[in-house]
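In what follows, a structure is listed as structure tokens, so that the remarks can point back to it.
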Amino acid sequence: MHEQGELDCVRIRTTTGREVVAAPDHPFWTTQGWVKAGDLTERDVLANVLRPELVADGTGSTDEFRLAGYLIGDGCTSNQVTFTGGDPDVLADLRSVCDRLGYRHSTRPNSPRSSLVRISGLRPWLAEHHLLDRTAWQKRVPAFVYLGDQRQVSAFLGAYFAWNGTVSRRGRDGDDVQVEFHSVSDGLLQDVQHLLLRLGIQSRLELERGRDQGRPHESWRLSVTSQDDVARFVERITVLGDRGRRLAERAPRRDRFEEALAADRVATVEPVGLHPCRCLTVADDHTFTVNDLVVHNTTLANIVAAELGAGIRVTSGPAIERSGDLAAILTSLGEGDVLFIDEIHRIAKPAEELLYSAMEDFRVDVIVGKGPGATAIPLDVEPFTLVGATTRSGLLTGPMRDRFGFVAHLDFYTPAELDVLIQRSARILRVPVTDDGSAEIAGRSRGTPRIANRLLRRVRDFAEVRADGTVTLETARAALDVYDVDELGLDRLDKAVLTALVDSFRGGPVGLSTLAVAVGEQPDTVEEVCEPFLVRAGLLARTPRGRVATEAAWRHLGRTPPNGTFGAAVPSVPDLFSGGSEEV
């Protein structure tokens, strides 16, 4: 760690309420790769670390963590240490914790619905952990909680939520569970947000403005962001008392895989002037986070790297313009690391040929100098795993394709799989949807999750304006009719291509350019946007003479296919020797 002096910095705020100040050239990990802080915009999505590895051994008691949670939730730590509450289960647990820790206590009624517990001998412990004489605006999570393991952190959060949390239902049908923390201390809820991330739970911090006794009043709300996160909250945090029972009764079903990172969209990026900056230098690959956001030279654990237990280096084919660029990347890899090259078919030819020797012999030859004085310097490369991704495998050269030991092809989703995905997306977007409604959208999504999510958002807009907000079968059909998406997923351009083939050219064959002119589009648009799905759906065929509409296309448009239609069953033609001859 070394000081860099004062640098002009920017403050980055995210939609979940996180905030960090960094130098403009400091890289952050986004869905588009590494982006410098000064180049971030509201379109970028940063990565939050979920469930980081903790150092604690997990053998300690949870009693001090529960006591701290109770006192921060609704405790007075000034003249006398007292706790006020009305939930008998929580009060009994607080007294049991005090007994095990050796603190004397007494209980007396405070109101018809609450009791007051006075605890003796606790002031030295409160002073040690900077909790003594703290007002509601000054409360923060004590430092020792950050040193706890996941079981101890869960105990603290469960005790704190038992008095300072809310559980409710939202939506017209009440099918969404809302879990929130409330406090006048934004610093306290920032600490809680960080602790929730240690348990894999994403949350959002928001400011609430109102009036208290006629004067302006500000408080903060920390909301668990999705039903999957609510399900993780219920599973990983034990809450006693009435709130715990409500959580158990209303716990949603989980349907998301475990993830190492969570998306967090950038809200604002603004200059904040000069700030002292430090730089961290580490010899090997490492994970470095600032306020739970992934920054610096972070090893991102994707599926392959996680299974191998190794680091990963991410790049793209267009970024590798010269063989020297690739040599620099290869020589920086550690033993067993994963090199991921996106759009690998666009890698430069000299770099591709250099990659052959690296894949087979784990060595590269770097040319130094020019002309007669040029020499080749052999460099050894640590054994690594190469993962290449492309949507146009036909553009890969034969030698490159043959050097991969395993070739995987991602298939399209089935309607049943898309139905599950749409149900999950609807919960994230807080859209009430029936089973029939989601199935209708899934059947028109062409087997592509991206299209399914886009149609769900459009149907949601229609349902909120023209219906009661719930996506039912009738609402989905009406909305998709408005957006001109039929029951097979064909849009306006797809149907225009089929209609031109059937009505103008009697089913074809017709050339691509002629067909494109008939529908008013460019030939490459018809070939690359429309034809792949039409061919896969069995509505269009490519023949040596041109494009032809199949029998299914005629029937889909409500037309009667003529005899000899491509793809139709050919009727048997009797020969001279079959059947009897008609008598005259």
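Because only heavy atoms are used, hydrogens play no part in the values below, and waters and symmetry mates are left out as well, while side chains stay in. Residue numbers count from 1 along this sequence.
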*Give the minimum heavy-atom separation between Asn164 and Ser183, together with the two atoms involved.*
ND2-CB, 4.2 Å
*Just by distance, with hydrogens left out, do Gln150 and Gln152 show a side-chain donor and acceptor under 3.5 Å apart?*
no
*Side chains of Asn453 and Leu421 in contact at under 4.5 Å (non-hydrogen atoms)*: yes
*Would you say the side-chain atoms of Thr434 pair up with the backbone N or O of Val471, donor to acceptor, closer than 3.5 Å?*
yes
*asked:* Using every non-hydrogen atom in the two residues, find where Gly437 and Ala476 come nearest and quote the distance to one decimal.
replied: O-CB, 4.1 Å
*List the atom of Thr62, the atom of Ala155, and the distance in Å for their closest heavy-atom pair.*
CB-CB, 3.8 Å
*What is the minimum heavy-atom distance between Ala426 and Leu456, and which atoms define it?*
N-CD2, 3.7 Å
_Ion pair Asp87/Arg243, N-O distance below 4.0 Å_ = no
*Below 4.5 Å, heavy atoms only, C-beta onward: do Thr15 and Arg204 meet side chain to side chain?*
yes
*asked:* With a 4.5 Å cut-off on side-chain heavy atoms, are Ile12 and Glu19 touching?
replied: no
*Walk me through it: do His182 and Glu208 pass the test side-chain contact (heavy atoms from CB on, under 4.5 Å)?*
CA-CA 10 Å; His182 298 269; Glu208 292 184 317; 3.9 Å; yes
*Answer yes or no: is there a side-chain heavy-atom contact under 4.5 Å between Gln423 and Asp435?*
yes
*If you measure from CG on Leu418 to CD1 on Ile451, what distance do you get to the nearest 0.5 Å?*
9.5 Å
*From Ile422 CD1 over to Ile441 CD1, what is the distance, rounded to the nearest 0.5 angstrom?*
5.0 Å
*asked:* Is it the case that the side chain of Thr414 and the backbone of Glu417 share a donor-acceptor pair, with hydrogens and angles ignored and the cut-off at 3.5 Å?
replied: yes
*Are any non-hydrogen side-chain atoms of Val239 and Tyr160 less than 4.5 angstrom apart?*
no
_side-chain contact (heavy atoms from CB on, under 4.5 Å) assessment of Tyr146 paired with His194_ = CA-CA 9 Å; Tyr146 293 104; His194 169 76; 3.5 Å; yes
*When rounded to the nearest 0.5 angstrom, what distance separates CG in Leu199 from OG in Ser154?*
6.0 Å
*Atom CD of Gln193 and atom CH2 of Trp220: how far apart are they, to the nearest 0.5 Å?*
11.0 Å
*With the threshold set at 4.0 Å, does a side-chain nitrogen-carboxylate oxygen contact exist between Asp461 and Arg458?*
yes
*Roughly how far, to the nearest 0.5 Å, is the CG atom of Asp191 from the CG atom of Leu196?*
11.0 Å
_Check whether Arg265 reaches the backbone of Leu46 with its side chain - one donor and one acceptor, N or O, closer than 3.5 Å._
no
*Quick check: does any side chain N or O of Arg232 sit under 3.5 Å from a backbone N or O of Gly200, one acting as donor and the other as acceptor?*
yes
*On the 0 to 90° scale, with breaks at 30° and 60°, tag the Phe181-Phe161 ring pair as parallel, tilted or perpendicular.*
perpendicular
*Heavy-atom side-chain proximity of Arg245 to Asp89 below 4.5 angstrom*: yes
_Contact summary for Ala267 and Glu42, nearest pair of heavy atoms_ = O-CG, 3.1 Å
*Please lay out, stage by stage, how Val266 and Val269 fare under the test side-chain contact (heavy atoms from CB on, under 4.5 Å).*
CA-CA 8 Å; Val266 174; Val269 180; 3.6 Å; yes
*Would you name the heavy atoms of Phe28 and Ala37 that are closest together and state the gap between them?*
CE1-CB, 3.7 Å
*Under 3.5 Å, side chain of Thr470 to main-chain N/O of Thr472, donor-acceptor pair present?*
no
*asked:* Between Gln178 and Thr166, does the side-chain contact (heavy atoms from CB on, under 4.5 Å) criterion hold? Intermediate values first, please.
replied: CA-CA 8 Å; Gln178 190 167 0; Thr166 61; over 6 Å; no
*Side chains of Thr14 and Thr16: do they bring a donor and an acceptor to under 3.5 Å?*
yes
*May I ask you to test the Phe462-Leu480 pair for a side-chain heavy-atom distance under 4.5 Å?*
no
*State whether the side chain of Asp419 and the backbone N or O of Ala442 hold a donor-acceptor pair below 3.5 Å, judged by distance alone.*
no
*Atom pair CZ/CG of Arg198 and Asp149 - distance to nearest 0.5 Å*: 10.5 Å
_Flag side-chain contact, heavy atom, 4.5 Å: Glu235 against Ile201_ = no
_Electrostatic pair Glu440-Arg477, nearest N-O below 4.0 angstrom_ = yes
